[in-house]
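Take a look at the structure set out below.
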Amino acid sequence: TLLYWAEERIGKRYPQPKVQMKAIASMFGAGYSVADIKKKWEELENEDWVNGVDFKLVMAHIAKVKKQKENSVTIIS
């Protein structure tokens, strides 16, 4: 399950797994897949401002799309 996947990633068990399962259920109820949830988790892991990822954080950010800076230039070679 996603909960066990996350616990392996963080290297410990959640003290309140029901809270995590509720967040997971909410994301499934909103139509997100396991792949969507894992992708957002991994994106959040790479953010400098994130001190720790859990499913409540993933749920709060899964619908947000990262905006690209207006003045950024993408060079394709």
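The list of side-chain hydrogen bond (donor to acceptor under 3.5 Å, both in side chains) pairs with a residue in residues 8-18, not counting sequence neighbours, reads R9-E45. Within the structure, every pair that satisfies the side-chain hydrogen bond (donor to acceptor under 3.5 Å, both in side chains) test and touches residues 27-39, not counting sequence neighbours, is listed here: S33-D36.
For the pair L3 and P17, the tightest heavy-atom approach, listed with the atom from each and the gap, is CD2-CB, 3.8 Å. Nearest heavy-atom pair across V58 and I37 is CG1-O, 4.0 Å.
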Tell me which donor-acceptor pairs under 3.5 Å the side chains of residues 23-30 have, and how far apart each pair is, sequence neighbours excluded?
unit_1	atom_1	unit_2	atom_2	d
S26	OG	K22	O	3.1

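The CE atom of M21 sits 6.0 Å away from atom OG1 of T1, with the distance rounded to the nearest 0.5 Å. In this structure, K64 NZ and L44 CG are separated by 9.5 Å, a value rounded to the nearest 0.5 Å.
The aromatic rings of W5 and W41 stand perpendicular to each other, their planes meeting at an angle above 60°, with 30° marking the opposite boundary.
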Does the side chain to side chain contact (heavy atoms under 4.5 Å, CB included) test come out yes or no for I10 and V53, once each step is laid out? CA-CA 8 Å; I10 65 171; V53 181; 5.8 Å; no
